[in-house]
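This report refers to the structure that appears directly beneath it.
Letters go in sequence order (proteins before strands), and every chain restarts at 1.
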Amino acid sequence: MGEPYNPKEIEARWKDFWWERGFFRADIHDTERKFYYLNMFPYPSAKPHVGHGRNYILGDAITRYLLMRGYNVLNPMGWDAFGLPAENQAIRHGIHPRDWTMRNIAEFKRQFRDWGVVFDWDREIATCEPEYYKWTQWIFLKLYEHGLAYRAEAEVNYCPTCDTVLANEQAAGGRCERCNTPVEKKTLTQWFFRITAYAEELLRDLDDLDWPEHVKTMQRNWIGRSEGANVVFRSERGDEITVFTTRPDTLWGATFMVLAPEHPLVEKLTAPERRAEVEEYKRFAARQTEVERLSTEKEKTGVFIGAYAVNPVNGARIPIWIADYVLMTYGTGAIMAVPAHDARDFEFALKFGIPVIPVIAPPGGKAKSYVMAGTYREGLPGALREAGFAFEERDGALYVTLDEGDRERYIDLVRRYILPGSWTEVIGAGWQFVFSDSVLNVGSIEEEKAVLDKCRELEPSIRDKRTVAEMLWEVEFYRDLLFHDQRGTMINSGPLTGTPGDEAVKRTTEWLEEQGIGKFAVNYRLRDWLISRQRYWGAPIPIVYCDKCGIVPVPEEELPVLLPEVERIGLKGLAEIPEFVNTTCPTCGGPARRETDTMDTFVDSSWYYLRYISPHDDDKPFDPELVNAWLPVDLYVGGVEHAILHLLYSRFITKALRDLGYLSFGEPFARLFTQGMITYPAYWCPEHRWIPPAEVAEGKRCPHCGRDLEVSVVAMSKSKLNVVSPDELIERYGADTERLYTLFMGPPEKEIEWSEEGLRGAWRFLNRFWELLTGWIPRVKDAPAAFDPAALPEAARALWAKLNETIHRVTREFESERFGFNVAIAAIMEFTNALEDYLAKGEPDPALLRRAIRDLILLISPFTPFIAEELWSRLGEGGAVLEQDWPTYDEEALKLLAVEIPVQINGKVRARVKLPHDVAGDAEALKEAVLSAEEVRRHLAGRELVKVIAVPGKLVSLVVK
RNA sequence: GCCGGGGUGGCGGAAUUGGCAGACGCGCUGGACUCAGGAUCCAGUGGGGCAUAAACCCCGUGUGGGUUCGAAUCCCACCCCCGGCACCA
């Protein structure tokens with residue numbers, strides 16, 4: 001009865017309407033009802049696909065809702081336009097990166113328009129424009145002025161594929177974030193931002209952010225705060241070697257020291273006879289890629305440098321080693337090694353024959369003793385049994401497990417049975433060796449040696465064993481007790497012996513401070529942000545090197561330092577353009593050279609949200625008053641892949657600018673929502689590489705060679721040829737269908753697979769919706785607006801109640817944490833179904849129907865704005881959808897309806913009773929009504945009613961016997 | 001290994017946060033229209049029992065236990081999956 005749905009025609013009509021009518025232009029001076037909504041701006045690479053759409057469609061829906069709620073919404077868009085892909089294109093095809101980028105930007109903008117996704121285009125920015133990067137350079141200068149940008153020689157990550165250095169964050173796991181190539185280490189002089197100065201604040205402020213927990217956790221892990229102590233050891237010659245440890249309570253168990261191979265003292269301390277080997281090892285360590293070095297699978301390596309250190313707590317003389325498992329970049333680049341209580345040190349000590357001294361009692365209070373066959377006199381098993389010890393006897397050997405408290409009693413007993421020339425051990429809180437003539441403890445390096453010597457003397461077969469630990473390791477039974485890294489009571493620890501595990505670290509730290517040999521210390525995993533990039537397509541670092549004046553910042557009034565226009569970009573970027581490099585010194589006017597590195601593109605994107613406030617201001621990066629009024633961003637939406645990089649850098653820049661006096665807030669994004677990616681099958685043929693899904697026939701074979709294809713469902717990407725283009729789909733079904741399906745697919749924070757069938761479901765719904773509404777609108781256009789819900793017939797009252805419930809459910813999703821528009825749309829579908837049923841039953845109430853249609857159009861409008869705008873214009877109320885108030889929910893409406901109350905009998909639903917709202921809402925009346933209902937009485941016949949629980953409006957639960 | 005998030009039909013997922021499990025959609029099955037349909041429309045669809053049907057009953061939210069009149073939801077133990085980090089002292 002309605003018209004056929006023709007989205008092409010409808011969408012063409014409204015495509016430019018919303019922007020032209022100015023609904024999306026924020027009034028920047030009105031901050032009373034402001035709402036700053038922000039999508040992460042894209043890197044404009046090639047054409048957008050339906051996966052990109054998810055982000056922007058979600059934002060557009062939220063923005064439209066907020067506008068109808070009367071907010072002054074700022075929802076700007078811009079382009080993260082500097083970057084490697086553009087430059088690589090340029091090098092390969094001779095296109096200027098700007099041209100390539102601009103072409104892609106145009107493509108994105110066209111796509112947004114087709115999608116009906118509107119932004120405040122007056123505020124568009126592109127980071128590659130001089131009017132933008134002038135201020136990126138300005139920020140660099142400000143940081144430099146305040147010591148937050150500095151140049152230093154450091155070991156850095158270098159990606160041979162991208163031909164540039166990378167920040168730690170961009171080389172996580174030893175691989176280039178962009179191309180996955182293993183990074184190499186190089187020692188270079190580069191520019192850094194001192195993000196570590198903000199480590200503590202970056203960590204602490206996370207607590208108050210309304211961000212997803214997993215993102216906060218990732219940042220916490222990345223910052224990696226740990227508390228402990230710095231302890232000063234000395235070499236035998238007196239050189240101070242400071243170590244950082246999180247376990248000062250294990251200090252008495254240090255049996256060696258390890259320095260990072262690059263540690264400056266290595267040179268000085270290495271004994272002449274060890275030098276060749278040490279140099280060799282240093283070369284070996286430097287040669288490894290980060291991936292190799294970080295591999296935990298790898299066996300420990302290292303060399304002794306021929307020098308000894310003195311443990312300040314007990315004067316023990318311990319050897320100094322170098323090993324690549326100690327990193328120069330963390331802590332002090334040197335560690336004390338406590339093999340008894342650190343897994344890495346244990347592995348190292350076992351391999352290199354270094355003693356292990358237990359200094360922390362293992363939790364659990366159990367000890368073990370293995371008594372070898374033939375080492376004891378007859379009668380021991382019986383004596384043990386009689387004394388109540390638990391043990392197993394296998395092939396004449398005894399495996400005793402005892403409580404720590406029984407240690408003394410056990411030793412007294414077993415000692416009487418041990419044959420001269422033999423021994424047994426008690427392994428637990430401390431290791432004790434029980435000989436027939438003595439009991440020896442392994443509580444220090446000397447004691448360890450004494451025990452070992454004695455055992456080796458008594459038992460020739462173990463003369464190859466270098467340490468007690470190595471000897472004990474042979475006994476499978478003991479293995480789980482030789483090493484542990486838990487907290488426990490301190491043992492063998494001089495004055496602190498006996499300190500319980502829960503205060504051990506604190507008490508030891510205090511003691512160290514009293515003794516003046518150590519200090520409480522905090523360390524972070526976070527390292528300074530390396531921002532230099534040896535590339536062309538980025539913002540030039542505004543620095544000049546003068547032989548006379550040294551490092552000279554480019555004066556503010558000379559900004560921007562423009563990228564030179566060149567015919568063709570070479571592999572060496574700016575360094576191979578003499579016109580750029582050669583300049584004059586701003587200070588002395590003499591000849592000078594420009595810095596040829598450009599900044600990491602993450603610098604560009606670390607402040608763009610500030611620039612939207614005054615995007616075209618040529619005098620300052622942002623208006624201080626407005627920026628403080630509009631920020632922090634109220635809602636920031638983007639992919640979780642930026643959880644560390646972009647989001648951490650932005651937080652740092654915001655805090656730095658605040659401390660420099662430019663901002664009054666310290667966090668840029670008050671609330672963050674991360675949406676999941678859209679995935680699609682990608683097909684891989686070992687010979688023909690990626691195969692577009694459209695070419696893959698039944699059976700998943702390669703169309704070229706017939707080979708079986710490898711299928712993986714992954715995020716859409718151009719390189720894997722598994723993108724779904726919005727163009728064809730909009731051509732066929734219209735943008736509203738894509739929008740509706742995109743939001744209906746599932747909860748937006750979750751990753752989800754695109755499905756053509758699912759899309760058609762949205763298409764079917766919109767057809768039905770369109771036909772229903774266009775059929776009825778002409779008949780209700782002139783119906784009265786006002787009506788009395790209470791006076792409606794029952795079916796109409798039910799529809800009225802359902803409408804109000806629907807408004808409530810849709811509104812709730814906009815106001816919720818999760819933006820569950822899948823549920824909101826389901827509610828709209830449900831109501832549409834209910835409306836169809838109602839209309840099928842007979843003559844509708846015209847006023848109610850008009851109201852239902854009206855609200856329905858408004859409710860669906862954020863999701864499918866085209867169809868909504870078209871239907872609205874036909875309803876004849878005038879104005880545009882975005883000028884209407886969002887429908888409100890009437891609590892009273894539901895009360896007009898009879899309520900169906902489920903009745904549980906012994907926990908199972910046995911009946912349903914329909915009752916008027918006021919009866920169901922009153923506990924007493926409800927109880928009475930239910931108990932007198934026919935179907936309930938049937939179930940109660942002949943049984944004793946024990947208890948009645950009546951929950952008003954919900955249910956009644958009966959307990960019977 | 002550590003941290004974070006999860007396990008609900010064939011699938012994506014709902015369930016007003018302790019109150020009718022499986023909304024809505026996809027898929028599937030049957031039917032209608034049709035030369036045809038991978039288009040559209042209608043009906044059915046958690047598993048099982050009973051079975052002509054209505055009705056009724058049992059089981060069921062990863063597993064085992066607990067709290068409660070009542071548990072997908074709360075507590076305890078365990079299993080599995082996903083994501084992040086991982087020689088950071």
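Which of B:G84, B:G25, B:A14 sits closest to the side chain of A:Arg818 comes down to B:A14. Listed candidates were B:A89, B:U16, B:C85. Nearest to the side chain of A:Val326 is B:A89. Taking the side chain of A:Lys750 as heavy atoms from C-beta on, and the options B:A89, B:G13, B:C69, the nearest nucleotide is B:G13. Of the candidates B:A89, B:C3, B:U16, the closest approach to any side-chain atom of A:Thr246 belongs to B:A89. Relative to the side chain of A:Lys947, the nucleotides B:C69, B:G84, B:A21 differ in distance, and B:C69 lies closest. With B:C69, B:G12, B:A21 as the choices, the nucleotide that has an atom nearest any side-chain atom of A:Phe744 turns out to be B:G12. Side-chain proximity of A:Ile949 to B:C69, B:A23, B:A21: nearest is B:C69. Comparing B:A89, B:G4, B:G84 by their nearest atom to the side chain of A:Thr217 picks out B:G4. Checked against B:C87, B:C3, B:U40, the side chain of A:Trp763 finds its nearest nucleotide in B:U40.
Of the residues near RNA chain B, A:Val959 and A:Met829, the one whose nearest nucleotide (by heavy atom distance) lies more toward the 5' end is A:Met829. Closest-nucleotide positions on RNA chain B for A:Gly333 and A:Asn767 were compared, and the one nearer the 5' end corresponds to A:Asn767.
One C1' atom belongs to B:G70, the other to B:C56, and the distance between them is 23 Å to the nearest Å. Comparing B:U45 with B:A55, their P atoms sit 12 Å apart, to the nearest whole Å. Rounded to the nearest Å, the gap between the P atom of B:U29 and that of B:G37 is 14 Å. For B:G13 and B:G7, the P atoms lie 10 Å apart once the distance is rounded to whole Å. The P atoms of B:C50 and B:U61 are separated by 23 Å, rounded to the nearest whole Å. Spacing between B:G22 and B:G46 at atom P, rounded to whole Å, works out to 9 Å. Across B:A89 and B:C2, the matching C1' atoms stand 15 Å from one another, rounded to whole Å. Nucleotides B:C33 and B:A43, compared at atom C1', are 15 Å apart to the nearest Å.
Both distances falling under 3.5 Å, in either a Watson-Crick or a G-U wobble arrangement, occur for no nucleotide opposite B:G9. Remark: B:A14 base-pairs with no nucleotide; criterion is Watson-Crick or G-U wobble with both hydrogen-bond distances under 3.5 Å. Under the Watson-Crick or G-U wobble criterion, with both distances below 3.5 Å, B:G4 is paired with B:C82. B:U34: no Watson-Crick or G-U partner with both key distances under 3.5 Å is found in any strand. Pairing of B:U45, defined by two Watson-Crick or G-U wobble distances under 3.5 Å, is identified with B:G27. When Watson-Crick and G-U wobble pairs are counted only if both distances are under 3.5 Å, B:G70 pairs with no nucleotide at all.
Residue-level contact check: A:Ile752 touches the backbone only, with heavy atoms under 4.0 Å from sugar-phosphate atoms and none from bases. Within the nucleic acid shown, A:Val951 comes within 4.0 Å of at least one base atom, counting heavy atoms only. As judged by a 4.0 angstrom heavy-atom cut-off over every strand, A:Pro747 is placed among residues touching the sugar-phosphate backbone only. Using a 4.0 Å heavy-atom distance criterion, A:Ser226 is classed as a sugar-phosphate-only contact. No engagement by A:Ser755 is indicated, since no non-hydrogen atom pair under 4.0 Å with the nucleic acid exists. Within the 4.0 angstrom heavy-atom criterion, only backbone atoms of the sugar-phosphate kind lie near A:Gly761; the bases stay farther away. A:Lys216 comes within 4.0 angstrom of nothing in the nucleic acid, heavy atoms only.
One can place CZ of A:Arg764 at 10 Å from P of B:G25, the figure rounded to the nearest angstrom. The distance from atom OH of A:Tyr741 to atom P of B:C26 is 11 Å, rounded to the nearest whole Å. Atom P of nucleotide B:G27 and atom CD of A:Glu757 are separated by 6 Å, given to the nearest angstrom. Taking atom CZ of residue A:Arg739 and atom P of nucleotide B:G25, one finds them 21 Å apart after rounding to whole Å. A:Asn833 places its CG atom 5 Å from the P atom of B:G25, with the value rounded to the nearest Å. We find that CE of A:Met677 is positioned 19 Å from P of B:G12, with the value rounded to whole Å. Taking atom CG on A:Leu955 and atom C1' on B:G19, their separation rounds to 4 Å, with Å as the unit. Atom-to-atom, CZ of A:Phe765 to C1' of B:U40 comes out at 17 Å; the value is rounded to the nearest Å.
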query = Hey, mind stepping through A:Tyr733 and A:Asn767 against side chain to side chain donor-acceptor pair (under 3.5 Å) and telling me if it holds?
reply = CA-CA 10 Å; A:Tyr733 303 106; A:Asn767 272 280; over 6 Å; no
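In this structure, A:Arg487 and A:Val505 have side chains that are in contact, with non-hydrogen atoms separated by less than 4.5 Å.
Atom CD of A:Glu900 is surrounded by more than 12 heavy atoms from other residues, nucleotides or ligands within 6.0 Å. The number of heavy-atom neighbours closer than 6.0 Å to CZ of A:Arg732, taken from other residues, nucleotides and ligands shown, is 12 or below. The environment of A:Lys506 atom NZ is sparse: at most 12 non-hydrogen atoms of other residues, nucleotides or ligands sit within 6.0 angstrom.
Listed pair A:Arg809 / B:A14 fails the phosphate criterion, with no side-chain N or O lying under 4.0 Å from OP1 or OP2. The shortest distance between the side-chain N/O atoms of A:Asn822 and the OP1/OP2 oxygens of B:A14 is below 4.0 Å. Side-chain nitrogen and oxygen atoms of A:Arg910 include none within less than 4.0 Å of the OP1 or OP2 phosphate oxygen of B:G70.
B:U29 adopts an anti glycosidic conformation, its chi angle falling more than 90° from 0. B:G9: glycosidic angle within 90° of 0, hence syn.
Using a 30° and 60° split on the angle between ring planes, A:Phe256 and A:Trp321 fall in the perpendicular class, above 60°.
Defined by atom type and a distance below 3.5 Å, a donor-acceptor pair is present between the side-chain atoms of A:Thr196 and A:Asp528.
For the atom pair A:Leu265 CG and A:Ile320 CD1, the distance stands at 8.0 Å (nearest 0.5 Å).
Less than 6.0 angstrom separates the ring centroid of A:Tyr281 from the ring centroid of A:Phe284.
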